[in-house]
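Below is one structure, written out as structure tokens; the observations come after it.
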Amino acid sequence: MTRTPLISGNWKMNLNHFEAIQTVQKLHYLIPKGVLDNVEVSIHPPFTDIRSVQTLIESEDLDFALGAQHCHFEDSGAFTGEVSPAFLAKLNTQYVICGHSERREVFGETDEMVNAKVLAIMKYAMTPILCCGETLTEREAGKTESKVLGQIDAGLAGVTNEQIAALVIAYEPIWAIGTGKTATADDAQTVCAAIRMQVRKLTDDATADAVRIQYGGSVKGGNAPELMSQPDIDGALVGGASLDPDEFSRIIQFNG
Ligand code: PGA
């Protein structure tokens with residue numbers, strides 16, 4: 001089973017729409033022709049940048065997928081400040097991150113809300129990037145797998161096998177996000193293999209073999225090749241390093 005790697009740039013709350021355009025143009029310029037034949041790249045700017053990045057990607061026919069960092073699970077209504085998945089779909093958004101640990105920890109998103117978002121994103125034919133990961137305390141207490149696999153069970157509730165095969169899971173140990181500390185490739189592989197095994201238990205072999213699993217947490221040009229060479233790591237969810245086109249293009253070229 002060959003899974004096309006997906007490298008996603010999660011800009012978080014960084015770069016206004018002018019900076020976004022420059023960043024995407026520079027990134028495109030830095031990636032040699034042909035590299036994107038074998039690697040998929042999604043860019044997840046803040047909401048205020050999405051329309052600008054969409055226009056740039058479509059008018060210049062850039063080989064990047066448009067992504068969002070978050071959305072609500074309802075189509076519309078009295079949810080001040082929130083963004084509907086229907087609106088994102090209208091902008092040709094392809095990937096939507098959901099259940100990022102910052103959304104869970106800072107904005108109180110529960111497993112149930114994350115599951116509702118997974119279903120809502122797929123209702124609009126977009127692909128969720130379902131995030132999971134443990135804190136340092138949980139890791140030190142030997143609870144990494146129970147935490148992560150619990151998030152997977154909850155996040156995938158009510159999702160069909162066919163839908164699971166098409167979505168993306170991002171394993172992001174919380175202690176590695178934005179800290180410069182990365183899980184060793186072996187540790188990251190162990191957890192990603194456990195996630196795939198859990199998907200196998202929940203579904204079947206074909207689904208588990210198809211689902212793409214990203215690693216996230218201080219991925220850089222220097223550590224990407226080793227992480228990406230692990231059998232159960234099919235991509236990277238990149239925060240800080242995705243703001244720098246030089247560094248992000250090195251990650252995208254992890255294959256040499
Ligand atoms: P980082 O963030 O690459 O800056 O650690 C990853 C993420 O939060 O998606």
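Every number for a ligand or one of its atoms is a count from 1 in the order of the listing. Small disclaimer: the values here were computed from a predicted structure and weren't measured. Computed from heavy atoms alone, side chains included, the values below leave out hydrogens, waters and symmetry copies.
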With heavy atoms and a 4.0 Å threshold, my read on which part of Cys131 contacts ligand 1 is neither

Any heavy atom of Asn10 under 4.0 Å from ligand 1? The part involved is side chain

Contacting atoms of ligand 1, where contact means under 4.0 angstrom from a heavy atom of [X]:
X      : answer
His100 : 7 (C), 8 (O), 9 (O)
Gly217 : 5 (O)
Leu237 : 6 (C), 9 (O)
Lys12  : 2 (O), 7 (C), 8 (O)
Ala176 : 5 (O)
Gly178 : 1 (P), 4 (O), 5 (O)

**Prompt:** Would Glu102 and Lys12 count as a salt bridge (Lys or Arg N to Asp or Glu O under 4.0 Å) if you check the C-alpha gap in whole Å, the side-chain angles of each, and the deciding distance to 0.1 Å?
**Reply:** CA-CA 10 Å; Glu102 287 153 18; Lys12 311 192 180 188; 2.8 Å; yes

Filtering Glu102, Gln214, Glu172, Gln69 for the heavy atom nearest atom 7 (C) of ligand 1 leaves Glu172

*Any side-chain donor-acceptor pair under 3.5 Å between Asp234 and Gln214?*
no

Taking atom types as modelled, find out whether Glu138 and Thr135 have a side-chain donor-acceptor pair closer than 3.5 angstrom.
yes

- Item | Stepwise salt bridge (Lys or Arg N to Asp or Glu O under 4.0 Å) check, Asp75 with Lys123 | CA-CA 10 Å; Asp75 293 342; Lys123 176 176 156 193; 2.9 Å; yes

Quick one: does any side-chain atom of Lys147 pair with a main-chain N or O of Gly133 as donor and acceptor, under 3.5 Å?
yes

Report task. Report yes if some N/O of Val238 lies less than 3.5 Å from some N/O of ligand 1; otherwise report no. Result -> no

Practice item. State whether the shortest distance between N or O atoms of Gly239 and N or O atoms of ligand 1 falls below 3.5 angstrom. Key: yes

Evaluate the salt bridge (Lys or Arg N to Asp or Glu O under 4.0 Å) criterion for residues Arg212 and Glu40: first the C-alpha distance (whole Å), next the side-chain angles of each, then the deciding distance (0.1 Å), finally the verdict. CA-CA 12 Å; Arg212 287 186 290 178; Glu40 217 185 320; 3.0 Å; yes

Of Arg3, Arg200, Arg196, the one forming a side chain to side chain donor-acceptor pair (under 3.5 Å) with Asp209 is Arg200

Tested for side chain to side chain donor-acceptor pair (under 3.5 Å) against Lys117, the lone hit among Glu109, His72, Glu112 is Glu109

protein heavy-atom neighbour closest to atom 4 (O) of ligand 1 works out as Gly240 N, 2.8 Å

- prompt: Out of curiosity, is Gly216 lining ligand 1, as in a heavy atom under 4.0 Å away?
  reply: no

With sequence neighbours left out, the residues meeting ring pair (Phe, Tyr, Trp, His ring centres under 6.0 Å) with His28 are none

